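Order of the sequence lines sets the chain letters (A, B, ...), proteins ahead of strands, with each chain counted from 1. Just so you know, these numbers come straight off a predicted model, no measurement behind them.
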2 protein chains.
Amino acid sequence: MDGLPDSPVMVSVQALHRMPYYLQYLKEQQKAGVTVIAAPAAAASLDLNEVQVRKDFAAVSKTRGRPKAGFAIAELIFNIEELLGYHNVHDAVLVGAGSLGSALLCYRGFDDCGMHIVAAFDADASLAGTEIGGKKVLPADQLIEMCQRLNIHIGIIAVPVGQAQAVCDQLVAGGVLAIWNFAPVHLSTPGEILVQNENMAASLALLSQHLQEKMKI
Amino acid sequence: MDGLPDSPVMVSVQALHRMPYYLQYLKEQQKAGVTVIAAPAAAASLDLNEVQVRKDFAAVSKTRGRPKAGFAIAELIFNIEELLGYHNVHDAVLVGAGSLGSALLCYRGFDDCGMHIVAAFDADASLAGTEIGGKKVLPADQLIEMCQRLNIHIGIIAVPVGQAQAVCDQLVAGGVLAIWNFAPVHLSTPGEILVQNENMAASLALLSQHLQEKMKI
DNA sequence: TAGATTGTTAATCGATTAACAATC
DNA sequence: TAGATTGTTAATCGATTAACAATC
């Protein structure tokens, strides 16, 4: 059942997290005119282990790398993008048009990641009808209906902690399959829904801890 | 050399990432009047493995948990905050007052994480002297000097990809020990500097991939 | 006491790293 | 051919999970 030409690639969660870095690096190299890249060279540039990069490239590439040369950049880029689903764009809605929500709406670059924000929703009725970053802001009570009608798969939560779970429930009711959560709370969801937490505090934790260790010395 | 009352707690990187979630949950419980929490209860609420939570609590807590009861919430909170260095606040500077930078400047909540943004810097001279989120925006050419003078330990990079490495170098020159990088590039730094990448694309990767799998079925 | 929860020790699991033959 | 790089197989490492005695 494996080894078939189109068998699903097994990549670890950690490896998945490295993929965007490879992608960014490979595109940079491609722009510079490079067409073939060797794992050791990429590893050196990205401060990663040589074997790890080789393994990652091998896992994601559909054709084998060429000894002495490396992997074809164009193909590697295509394969990584395909793995990450960047080729078939998914529509998304954003809930919460506060400062963070607005920043996200203004951020260009999600489109390259296979995500297209269709509209924003906010509980504040006075925002309804306005535009932020070129996206329409709609009243929150239309959320479920719109998700269903437009067949939305991704919901982005950028509301305060207190409202996050309620918004989450609405998104699920609207048929959303994956939730990108910027509120620092644990959301309860049915098992088949993926919740990706973008918790600033969690990233800061590592940083703070490092600093903590440094200062002790 | 271990087992001493004040020996450094060894917590895995993954466990460190879980700490903010515990913290948030514990504070919530504390607010609700709960004073003692058992690992299994916390695990159930957070959808985590019971043993894992127990181990994490044990690792971070300075006093032992009480069988049949659990851990004292107030102490657990204190110990986690101490581990993460939230008690001695570190000053930080933010570079790049664009849409993301502004959102970060307006975000209240970093102070709870032991981080205090002192000022923002931007290459756009017309922003100099203005205030965003109550923080002064200063011209970029004062960056190194200010970091040195104010003894800043944390630098936040919210500039476009093209300028990120240059800003990073300036921060390091200014004596910064840890960098929180929001630009989707790999930054080269001396070994002792910690770079914490907040790469939206990397988080999106997991989400996209999950969706990719879902849609295939 | 009985029952639940902790702490400890061992087993499992998975990812990273190392070693080396195969290949261009 | 010689040398560099790949792919594969095995070893190492670390984290998670399981099992069970100790404790309140």
Side-chain angles (χ1 to χ4, degrees), chain A residues 2-3 5 7-19 21-22 25-26 29 34-73 75-76 79-80 83 202 205-206 209, chain B residues 2-3 5 7-19 21-22 25-26 29 34-73 75-76 79-80 83 202 205-206 209:
Chain A
D2 62 287
S7 66
V9 194
M10 273 315 291
V11 181
S12 72
V13 174
Q14 281 96 321
L16 266 181
H17 269 115
R18 286 191 292 271
M19 291 302 159
Y21 290 92
Y22 294 140
Y25 171 75
L26 293 171
Q29 292 297 304
V34 186
T35 58
V36 176
I37 193 89
S45 296
L46 295 168
D47 287 335
L48 292 172
N49 183 292
E50 192 176 309
V51 186
Q52 190 175 57
V53 175
R54 178 149 39 107
K55 208 194 108 287
D56 287 343
F57 282 6
V60 87
S61 177
K62 286 208 169 135
T63 59
R64 316 181 114 223
R66 288 228 313 274
K68 172 90 174 148
F71 295 81
I73 285 197
E75 204 184 327
L76 216 43
N79 289 153
I80 293 178
L83 169 74
L206 262 186
Q209 220 271 342
Chain B
D2 63 285
S7 65
V9 194
M10 271 318 290
V11 181
S12 71
V13 174
Q14 280 94 323
L16 265 181
H17 269 115
R18 286 191 291 271
M19 290 303 161
Y21 289 92
Y22 294 141
Y25 171 76
L26 293 171
Q29 292 297 304
V34 186
T35 58
V36 176
I37 193 89
S45 296
L46 295 168
D47 287 336
L48 291 173
N49 182 292
E50 192 176 309
V51 186
Q52 189 174 58
V53 175
R54 178 147 42 104
K55 209 195 110 280
D56 286 343
F57 282 7
V60 87
S61 177
K62 286 207 169 132
T63 59
R64 315 183 115 225
R66 288 228 313 274
K68 171 95 172 139
F71 295 81
I73 285 198
E75 203 185 327
L76 217 42
N79 289 152
I80 294 178
L83 170 74
L206 262 186
Q209 221 271 342

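We find that CD of Glu50(B) is positioned 8 Å from P of dT6(C), with the value rounded to whole Å.
Atoms CZ and CG, from Phe71(B) and Asn79(B) in turn, are 10.5 Å apart once rounded to the nearest 0.5 Å. If you take OH on Tyr22(B) and CG on Leu48(B), they are separated by 5.0 Å, rounding to the nearest 0.5 Å.
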Can you give me the dot-bracket string for DNA chain C, 5' to 3', counting Watson-Crick and G-U wobble pairs with both distances under 3.5 Å, using [ ] for crossing pairs and | for partners on another strand? ..||||||||||||||||||||||
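Within 4.0 Å of Phe71(A), counting heavy atoms only, lie sugar-phosphate atoms of the nucleic acid but no base atom.
Proximity of Leu16(A) to Leu83(A): side-chain heavy atoms (C-beta onward) are separated by under 4.5 Å at one or more points. At least one side-chain heavy atom of Arg18(A) sits under 4.5 Å from a side-chain heavy atom of Gln52(A). Under the 4.5 Å side-chain criterion, counting only non-hydrogen atoms from C-beta, Ile80(A) is in contact with Leu26(A). Proximity of Val36(A) to Arg66(A): side-chain heavy atoms (C-beta onward) are nowhere separated by under 4.5 Å.
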Protein-to-nucleotide contact annotation, 5' to 3' order, nucleotides 13-24 of chain D [B base; S sugar-phosphate only; - none; under 4.0 Å, heavy atom]: --SSBB----BB
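Shortest non-hydrogen contact noted between Ala38(A) and Ala69(A) is CB-O, 3.5 Å.
For the ring-ring contact (aromatic ring centres under 6.0 Å, His included) condition, no pair includes a residue of residues 35-55 of chain B, sequence neighbours left out.
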